[in-house]
Amino acid sequence: MNVLARLQAAFRSALDGLVDSPSTYLEMIRPSQDPKFGDYQANLAMPLKSVLGGNPRDIAAKIVERLDVSALCDPPEIAGPGFINLRLRDEVIVEMLRTALRDERLGIAPVAEPKTVIVDFSSPNVAKPMHVGHIRSTVIGDSLSRILRFLGHRVITDNHLGDWGTQFGMIIYGFKHLRDESAYAAAPVAELGRLYRQVRAIMDYRAAVRELPKAEAEAKQLAAAAATAAALAAAAQGPEAKKAAGDAKRAARRSEEAAEQLASLREKIAKTEASPAASALAAQHADIERAVLDETAALHAGDAENRRLWEEFLPYCREDIQRIYERLAIRFDEELGESFYHPWLGETVDDLTKRGLVRDSDGAACVFLDGFDSPMIVRKRDGAYLYATTDLATIRYRVSTWNPDLCLYVVDHRQSEHFAKLFAAAKVWGFEKLELRHVSFGTVMGDDGRPFKTRSGDTVGLEGLLDEAVTRARAVVDENLKKNADLEFDETERQRIAETVGIGALKYADLSQNRSSDYVFSYDKMLALKGNTAPYLLYPYARVNGIFARGEVDAEALRRGDRAMAFVAPEERRLALLLLQFENVLLDVTVDWLPNLLAAYLYEVTTAFSQFYERCSVLDAPDETSRTTRLALCDLLRRTVRTGLDLLGIGVVERM
RNA sequence: GUCCCGGUAGCUCAGCCGGAUAGAGCAGCUGACUUCUAAUCAGCAGGUCACAGGUUCGAAUCCUGUCCGGGAUGCCA
């Protein structure tokens, strides 16, 4: 049992008979932020004032009187308005350290009541290359799955692939009209990618031409509005002036955005028209939008030819994304894409209808839900189904197959309304016992504060992103080795370190951020050697390995041994306390599904280690007890870091 | 229009289910490598936690309003 749980148990008996539901108060016991307030503090006397009456210091005194923590702590102290400060006895810390040291799982017991959890994440569209937008869902979902599994839950990870949408209509259309037979025979994946981009380019061009007049008119109108607003602002006096200036600024910005939008449209058009071949292509395929939709509809309707092509293309498309997953070390238990649910969409709507949940509105089948202005449309006027329908069918399938307690959807925040409706609909459909959670996250931004794009305005491919991270990591490795003459790394090892550090840095940059906020992408920041970065966390791990190697320490014997241990420096004690909080941190992560809490913890623990390392010589410790204690801290540190990083989906390097 | 999310140091961000003097990193300044890897450490400086009210013994954290930014908003996913 971890420290906190033991303290809580002691307080639970102290509160017995005093309050009805002690749980809320037990959560008010937490690590102190300042050592002078002890190791842990209980903040429950103040809020108990409204329950028990009297003044909080007296309440605290009463609780302390009933409290028996003598096996764990020095006598508790009451401070300030009624804080109860607890200082753990060194022998207790040492004993718990020993328990963790001996245990494969660092003393962390599996949860008493395991749940079945489905984690739905990544879910790229297989017809197009993965891009930067997929990184967050993939990395956050993978980490949450690993943490849940480590804690002892039954976890099913599912990649709900987009393998049935319009993008396949595009590829099929491209294949029928634009394919290069020999290129397809030689390298099908590349050729399909080219076809997708080709069709996309034609469609984009045609859309740009169509939208141009409207965009021109809008830009013109907004420019005029901005000019008017600027004039008004210049003329305004007194209290009106500030407001007018604000209006002018906003109008100017809107005008600027419209101008950019217009410029981007013109650029697309110019790009196509600059090439006679591209222009001719665009002219030849004047009806491309409708034709693509027709190909998609034919696929869905069971057209034999399109179905055959789809089956032929699918493995190639999956191959492309599989390569990325392998590099990221991401695996799924299931990859049931949209196509898997296609056969059941009709009966899903029928079942909803049978239960009286569906109403016709303008020819569309709609589920109207309390608290929402607009309904959830489950079948379009033209008879086609939507992702809402697929998502409902998916819930039903998952319940009948795995009977989960909880289902997490790791999907970006823009879809929060969709999920709010989906969850509400699932509830009225009869799945009220199943807990559904949208684990949402923000956008990856460029350093200009806008969604991360290449200089030419395209989305950034994920593969290129990985390559760049590794290349830059390699530069850091080489740079560092120049400074350390006594370290020798051959080419293979350098490259392997670069791969681990680069990919790890990319993942860590994402996971160390609170998922709900947008985050600014920066190679320089993620690969920085100091601060909350992957390289900083990996370093202590390698350092400890260095100590064990140089001292020829037998780690197994250390773990099993029973030599005396004791603290002489505050850095040792602080590091030990932090190491013992690992379990609580993992449990905290699963309260609001925040992997950044684990990242922050690992940063804190490695920072504490760096301070310890600076201050306390391990191999040349003053005596045997100190040496054993310090080696134990080192070993626990490296295993905690390795486990913690593994739970974030990040690998370690033995030396760097 | 309605709904959702955000506004914390020059920059990037933690902290937000109320707790003791608001924390990191970067950038700036000062120190520390004959010592287990300096991919490090120690220190200085830097903040009306957007604004105004409210609840509370106590508010960056909860409530209300205002301003600013982003997003969503019936037949795409």
Side-chain angles (χ1 to χ4, degrees), chain A residues 24 27-28 30 32-34 36-37 41 43 46-47 49-50 55-56 79-83 85 123 125 162 165-167 243 246 250 338 361-366 371-382 384 386-388 390-391 411-418 420 440 442-443 445 447 449-450 476-477 479-481 483-484 486-487 501 512-514 516-520 522 524-525 527-533 535-536 538-540 542-551 591-592 596-597 599-600 603-604 607 610-611 613-621 630 634 655-656:
Chain A
T24 43
E27 281 170 26
M28 294 170 184
R30 59 188 62 179
S32 302
Q33 40 179 307
D34 191 319
K36 79 174 177 222
F37 301 133
Q41 61 182 39
N43 303 337
M46 290 80 81
K49 190 187 78 164
S50 57
N55 98 53
F83 296 106
N85 293 336
S123 309
N125 199 300
T166 316
Q167 286 77 11
K243 188 179 177 303
R250 273 191 297 281
E338 291 171 334
S361 175
D362 296 333
C366 298
F372 294 94
D373 292 337
S374 56
M376 184 161 84
I377 297 174
V378 291
R379 190 178 57 220
K380 295 200 287 182
R381 195 168 25 199
D382 66 7
L386 298 110
Y387 77 141
T390 311
D391 282 352
V411 181
D412 81 88
H413 70 274
R414 286 173 306 197
Q415 296 195 38
S416 54
E417 192 172 337
H418 163 69
S440 69
T443 312
M445 310 292 251
D447 50 18
R450 298 180 175 194
V476 175
V477 171
E479 183 58 35
N480 184 56
L481 288 174
K483 293 188 296 190
N484 288 282
D486 46 330
L487 287 176
V501 172
S512 58
Q513 200 91 191
N514 185 316
S516 66
S517 41
D518 293 343
Y519 90 92
V520 178
S522 159
D524 289 337
K525 277 206 176 109
L527 286 166
L529 307 173
K530 288 201 251 178
N532 195 2
T533 66
Y536 182 87
L538 291 168
Y539 185 44
R543 271 181 153 178
V544 168
N545 288 338
I547 292 173
F548 275 67
R550 182 177 287 252
V591 172
D592 281 322
N596 69 302
L597 296 182
Y603 179 52
E604 201 181 355
T607 301
S610 291
Q611 291 161 357
Y613 180 89
E614 201 69 25
R615 181 67 206 290
C616 307
S617 179
V618 178
L619 295 175
D620 296 325
R630 290 174 184 183
C634 282
R655 52 178 205 154
M656 58 195 289

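Convention: sequence-line order gives letters A, B, ...; per-chain numbering from 1. What's counted below: heavy atoms across the whole structure, side chains too, no hydrogens, waters or symmetry copies.
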By the 4.0 Å heavy-atom rule, please label [X] as base, sugar-phosphate, or nothing.
{"X": "A/Gln611", "answer": "sugar-phosphate"}
{"X": "A/Arg381", "answer": "base"}
{"X": "A/Cys366", "answer": "base"}
{"X": "A/Pro540", "answer": "nothing"}
{"X": "A/Asn532", "answer": "nothing"}
{"X": "A/Ala549", "answer": "nothing"}
{"X": "A/Ala542", "answer": "base"}

Using atom [atom1] in both nucleotides, what's the gap between [N] and [M] to the nearest angstrom?
{"N": "B/rU12", "M": "B/rU66", "atom1": "C1'", "answer": "28 Å"}
{"N": "B/rU48", "M": "B/rA42", "atom1": "C1'", "answer": "32 Å"}
{"N": "B/rG18", "M": "B/rU55", "atom1": "C1'", "answer": "11 Å"}
{"N": "B/rA59", "M": "B/rU8", "atom1": "C1'", "answer": "14 Å"}
{"N": "B/rC67", "M": "B/rC29", "atom1": "P", "answer": "43 Å"}
{"N": "B/rU37", "M": "B/rA45", "atom1": "C1'", "answer": "31 Å"}
{"N": "B/rG25", "M": "B/rC44", "atom1": "P", "answer": "12 Å"}

Sequence-distant partners of [X], side-chain hydrogen bond (donor to acceptor under 3.5 Å, both in side chains), two or more places apart:
{"X": "A/His413", "result": "none"}
{"X": "A/Arg414", "result": "A/Asp412"}
{"X": "A/Tyr603", "result": "none"}
{"X": "A/Ser440", "result": "none"}

Separation of [N] [atom2] from [X] [atom1] (nearest whole Å):
{"X": "A/Met656", "N": "B/rU37", "atom1": "CE", "atom2": "C1'", "value": "10 Å"}
{"X": "A/Phe372", "N": "B/rU73", "atom1": "CZ", "atom2": "P", "value": "14 Å"}
{"X": "A/Asn545", "N": "B/rU37", "atom1": "CG", "atom2": "C1'", "value": "11 Å"}
{"X": "A/Glu417", "N": "B/rU73", "atom1": "CD", "atom2": "C1'", "value": "6 Å"}
{"X": "A/Asp373", "N": "B/rC4", "atom1": "CG", "atom2": "C1'", "value": "13 Å"}
{"X": "A/Glu604", "N": "B/rA24", "atom1": "CD", "atom2": "P", "value": "11 Å"}
{"X": "A/Asn85", "N": "B/rG19", "atom1": "CG", "atom2": "C1'", "value": "12 Å"}

With hydrogens left out and only the distance checked, is there a donor-acceptor pair under 3.5 Å joining [X]'s side chain and the base of [N]?
{"X": "A/Lys49", "N": "B/rU56", "result": "no"}
{"X": "A/Gln415", "N": "B/rA72", "result": "no"}
{"X": "A/Ser361", "N": "B/rG74", "result": "yes"}
{"X": "A/Tyr539", "N": "B/rA39", "result": "no"}

Please enumerate all protein N or O atoms sitting under 3.5 Å from an N or O of nucleotides 27-36 of chain B, with distances to 0.1 Å.
from, atom 1, to, atom 2, distance (Å)
B/rC36, O3', A/Arg550, NE, 3.2
B/rC36, O2, A/Val618, N, 3.4
B/rC36, O2, A/Leu619, N, 3.1
B/rC36, N3, A/Val618, N, 2.9
B/rC36, N4, A/Tyr613, O, 2.6
B/rC36, N4, A/Cys616, O, 2.7

Let's see if you can work this out: which of [options] has an atom nearest to the side-chain heavy atoms of [X]?
{"X": "A/Arg414", "options": "B/rC57, B/rA72, B/rA77", "answer": "B/rA72"}
{"X": "A/Lys36", "options": "B/rG19, B/rA72, B/rU21", "answer": "B/rU21"}
{"X": "A/Gln41", "options": "B/rG19, B/rG71, B/rG74", "answer": "B/rG19"}
{"X": "A/Phe83", "options": "B/rU21, B/rG71, B/rG19", "answer": "B/rG19"}
{"X": "A/Val477", "options": "B/rG74, B/rA39, B/rA77", "answer": "B/rA39"}

Table of protein N/O atoms under 3.5 Å from nucleotides 59-61 of chain B N/O atoms:
none

Taking atom CG of A/Asp34 as the centre, report whether more than 12 heavy atoms of other residues, nucleotides or ligands fall under 6.0 Å from it.
yes
Ring of A/Tyr603 versus six-membered ring of B/rA24: centres under 5.5 Å and planes under 30°?
no
Is [X] near enough to [N] that one of its side-chain N or O atoms lies under 4.0 angstrom from OP1 or OP2?
{"X": "A/Tyr536", "N": "B/rC41", "value": "yes"}
{"X": "A/Asn43", "N": "B/rG19", "value": "no"}
{"X": "A/Ser374", "N": "B/rU73", "value": "no"}

Residue list, side-chain contact (heavy atoms from CB on, under 4.5 Å) with A/Tyr387, at least two apart or on another chain
A/Asp391, A/Gln415, A/His418
Sequence neighbours left out, what passes salt bridge (Lys or Arg N to Asp or Glu O under 4.0 Å) with A/Asp382? Give chain and number order.
A/Lys380
Considering residues at least two apart in sequence or located in another chain, which fulfil the salt bridge (Lys or Arg N to Asp or Glu O under 4.0 Å) criterion with A/Asp362?
none
Donor-acceptor pair, side chain of A/Arg655 and main chain of A/Gly546, under 3.5 angstrom
no
Dot-bracket encoding of pairs in RNA chain B, which uses [ ] for pseudoknotted crossings and | for another strand, Watson-Crick or G-U under 3.5 angstrom
((((((((.[[[[.)...(...]]]].(((((.......))))).....[[[[[..)....]]]]])))))))....
Could you tell me which residues satisfy ring pair (Phe, Tyr, Trp, His ring centres under 6.0 Å) with A/Phe83, sequence neighbours excluded, listed by chain and number?
none
How does each nucleotide of nucleotides 10-16 of chain B score, in 5' to 3' order, for protein heavy atoms under 4.0 Å: base (B), sugar-phosphate only (S), or none (-)?
--SSSS-
